[in-house]
Amino acid sequence: MGDRSGERYPRIYAVVRRIPQGRVATYGQVAALAGFPGQARQVGYALHSLPEGTEVPWQRVINARGEVSLRSEAGWERYQRHLLEEEGIVFNDSGRVDLDLYRWEAALTTPRSR
DNA sequence: GCAGTGACTAGTA
DNA sequence: ATACTAGCCACTG
(Lines give C-alpha, C1' and ligand atoms only; values in the text may rest on other atoms or scores of the structure.)
Protein backbone atom coordinates (compact mmCIF):
# COMPACT_ATOMS: atom_id res chain seq x y z
CA MET A 1 0.00 0.00 0.00
CA GLY A 2 2.55 2.49 -1.03
CA ASP A 3 -0.19 4.36 -2.77
CA ARG A 4 -0.51 7.80 -1.33
CA SER A 5 -2.99 9.30 -3.74
CA GLY A 6 -6.31 9.93 -2.09
CA GLU A 7 -4.89 9.49 1.38
CA ARG A 8 -3.52 12.96 1.89
CA TYR A 9 -6.41 14.90 3.28
CA PRO A 10 -7.53 12.24 5.80
CA ARG A 11 -4.01 12.03 7.19
CA ILE A 12 -3.75 15.79 7.40
CA TYR A 13 -7.10 16.07 9.15
CA ALA A 14 -6.07 13.33 11.59
CA VAL A 15 -3.02 15.34 12.60
CA VAL A 16 -4.95 18.59 12.97
CA ARG A 17 -7.47 16.81 15.19
CA ARG A 18 -4.63 15.95 17.56
CA ILE A 19 -3.70 19.58 18.19
CA PRO A 20 -4.78 20.29 21.77
CA GLN A 21 -7.01 23.21 22.64
CA GLY A 22 -4.96 26.27 23.49
CA ARG A 23 -2.13 25.17 21.22
CA VAL A 24 -1.21 25.92 17.62
CA ALA A 25 0.76 24.18 14.90
CA THR A 26 2.25 25.48 11.68
CA TYR A 27 1.31 24.28 8.21
CA GLY A 28 4.77 22.85 7.75
CA GLN A 29 4.60 21.07 11.08
CA VAL A 30 1.29 19.45 10.24
CA ALA A 31 2.61 18.42 6.85
CA ALA A 32 5.64 16.76 8.39
CA LEU A 33 3.56 14.97 11.04
CA ALA A 34 1.16 13.74 8.38
CA GLY A 35 4.06 12.27 6.46
CA PHE A 36 4.40 14.93 3.78
CA PRO A 37 7.43 17.02 4.79
CA GLY A 38 7.85 20.16 2.78
CA GLN A 39 4.27 20.18 1.52
CA ALA A 40 2.90 22.90 3.74
CA ARG A 41 0.85 24.32 0.89
CA GLN A 42 -1.15 21.13 0.67
CA VAL A 43 -2.13 21.49 4.30
CA GLY A 44 -3.56 24.90 3.59
CA TYR A 45 -5.36 23.52 0.59
CA ALA A 46 -6.75 20.62 2.58
CA LEU A 47 -8.05 22.91 5.29
CA HIS A 48 -9.54 25.19 2.69
CA SER A 49 -11.68 22.35 1.36
CA LEU A 50 -13.03 21.57 4.80
CA PRO A 51 -16.82 21.91 5.08
CA GLU A 52 -18.41 24.41 7.42
CA GLY A 53 -19.15 23.12 10.87
CA THR A 54 -16.35 20.56 10.71
CA GLU A 55 -14.99 19.03 13.89
CA VAL A 56 -11.47 19.51 12.61
CA PRO A 57 -9.91 22.40 14.60
CA TRP A 58 -8.54 24.15 11.51
CA GLN A 59 -8.17 27.38 13.44
CA ARG A 60 -5.21 25.95 15.34
CA VAL A 61 -3.10 25.83 12.21
CA ILE A 62 -1.21 29.05 11.51
CA ASN A 63 1.83 29.99 9.48
CA ALA A 64 5.47 29.74 10.49
CA ARG A 65 5.60 33.42 11.44
CA GLY A 66 2.93 32.94 14.08
CA GLU A 67 0.31 34.80 12.09
CA VAL A 68 -3.14 33.87 10.95
CA SER A 69 -2.71 33.40 7.22
CA LEU A 70 -4.65 35.72 4.96
CA ARG A 71 -7.41 34.13 2.97
CA SER A 72 -9.35 34.97 -0.13
CA GLU A 73 -12.45 35.95 1.77
CA ALA A 74 -12.10 38.87 4.12
CA GLY A 75 -13.34 38.49 7.67
CA TRP A 76 -12.27 34.92 8.20
CA GLU A 77 -8.91 36.01 9.51
CA ARG A 78 -10.71 37.91 12.23
CA TYR A 79 -12.95 34.91 12.88
CA GLN A 80 -9.99 32.55 13.26
CA ARG A 81 -8.28 34.90 15.67
CA HIS A 82 -11.49 35.10 17.69
CA LEU A 83 -11.70 31.31 17.91
CA LEU A 84 -8.10 31.06 19.09
CA GLU A 85 -8.51 33.79 21.67
CA GLU A 86 -11.50 31.92 23.04
CA GLU A 87 -9.20 28.94 23.52
CA GLY A 88 -6.83 31.07 25.54
CA ILE A 89 -4.32 31.99 22.87
CA VAL A 90 -2.94 35.48 23.34
CA PHE A 91 -1.89 37.61 20.37
CA ASN A 92 0.86 40.17 20.82
CA ASP A 93 0.79 43.79 19.70
CA SER A 94 1.87 42.77 16.22
CA GLY A 95 -1.10 40.44 15.91
CA ARG A 96 1.07 37.40 16.13
CA VAL A 97 1.22 34.32 18.33
CA ASP A 98 4.41 33.48 20.21
CA LEU A 99 5.21 30.08 18.75
CA ASP A 100 7.78 29.35 21.46
CA LEU A 101 4.90 29.62 23.89
CA TYR A 102 1.95 28.04 22.09
CA ARG A 103 3.46 25.71 19.54
CA TRP A 104 2.21 22.17 19.86
CA GLU A 105 5.18 19.95 20.56
CA ALA A 106 4.03 16.63 19.22
CA ALA A 107 6.14 13.54 19.38
CA LEU A 108 7.04 12.61 15.86
CA THR A 109 5.73 9.07 15.71
CA THR A 110 7.99 8.23 12.83
CA PRO A 111 6.56 5.17 11.11
CA ARG A 112 9.92 3.60 10.50
CA SER A 113 10.46 -0.13 10.31
CA ARG A 114 11.15 -1.47 13.77
C1' DG B 1 -0.72 18.41 -21.16
C1' DC B 2 0.58 22.96 -19.84
C1' DA B 3 0.12 27.35 -17.17
C1' DG B 4 -1.68 29.77 -13.34
C1' DT B 5 -2.99 29.70 -8.47
C1' DG B 6 -2.64 29.09 -3.43
C1' DA B 7 -5.08 29.26 4.39
C1' DC B 8 3.32 27.77 2.83
C1' DT B 9 8.40 28.14 3.93
C1' DA B 10 13.36 28.98 4.01
C1' DG B 11 16.71 31.72 2.07
C1' DT B 12 18.70 36.02 0.39
C1' DA B 13 19.09 41.07 -0.08
C1' DA C 1 11.85 45.07 9.92
C1' DT C 2 10.09 44.32 4.58
C1' DA C 3 10.56 42.40 -0.41
C1' DC C 4 11.56 39.17 -3.53
C1' DT C 5 12.90 34.28 -5.04
C1' DA C 6 12.86 29.50 -5.60
C1' DG C 7 10.94 25.19 -4.22
C1' DC C 8 6.92 22.76 -3.24
C1' DC C 9 2.61 20.03 -5.36
C1' DA C 10 -2.59 19.32 -5.90
C1' DC C 11 -6.10 21.53 -8.12
C1' DT C 12 -8.32 24.15 -11.99
C1' DG C 13 -9.28 25.84 -16.61
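Order of the sequence lines sets the chain letters (A, B, ...), proteins ahead of strands, with each chain counted from 1.
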Distances under 3.5 Å between nitrogen or oxygen atoms of protein and nucleotides 1-5 of chain C:
none

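- Gln80(A) places none of its side-chain heavy atoms less than 4.5 Å from the side chain of Leu83(A).
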List the protein contact pattern of nucleotides 8-13 of chain B with one symbol per nucleotide (5' to 3'): B for base contact, S for sugar-phosphate-only contact, - for none; contact means a heavy-atom distance under 4.0 Å.
BSS---
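- Trp76(A) comes within 4.0 angstrom of no nucleic acid atom, judged by non-hydrogen atoms across all strands.
- Atom CD in Gln39(A) sits about 5 Å away from atom P in dC9(C), given to the nearest Å.
- Residues Trp76(A) and Val68(A) are not in side-chain contact: their nearest non-hydrogen atoms beyond the backbone lie 4.5 Å or more apart.
- When rounded to the nearest whole Å, the span between CG of Leu47(A) and P of dC11(C) equals 14 Å.
- Spacing of P atoms, dA7(B) relative to dG7(C), comes out at 22 Å, to the nearest Å.
- Following rounding to the nearest Å, His48(A) (NE2) and dA10(C) (P) show an atom-to-atom distance of 18 Å.
- Looking at heavy atoms from C-beta onward, Asp98(A) lies out of side-chain contact with Asn92(A) at the 4.5 angstrom threshold.
- Ion pairing between Glu77(A) and Arg81(A) fails under the 4.0 Å rule for side-chain N and carboxylate O.
- Here Gln59(A) contributes atom CD and Ile19(A) contributes atom CD1; the two are 9.0 Å apart, rounded to the nearest 0.5 Å.
- Under the side chain to side chain contact (heavy atoms under 4.5 Å, CB included) criterion, Tyr45(A) pairs with Tyr9(A), Gln42(A), not counting sequence neighbours.
- Taking 4.5 Å as the limit, some side-chain heavy atom of Phe91(A) sits within range of a side-chain heavy atom of Leu84(A).
- Distance CG (Leu83(A)) to P (dA7(B)): 18 Å, rounded to an integer number of Å.
- Remark: P of dA7(B) and CG of Leu50(A) are 14 Å apart, rounded to the nearest angstrom.
- For the pair Ser94(A) (side chain) and Arg96(A) (backbone), a donor-acceptor distance under 3.5 Å is absent.
- Atom OH in Tyr45(A) sits roughly 12 Å away from atom C1' in dG4(B) (whole-Å rounding).
- Contact annotation: the side chain of Val15(A) approaches that of Trp104(A) to within less than 4.5 Å [non-hydrogen atoms, C-beta and beyond].
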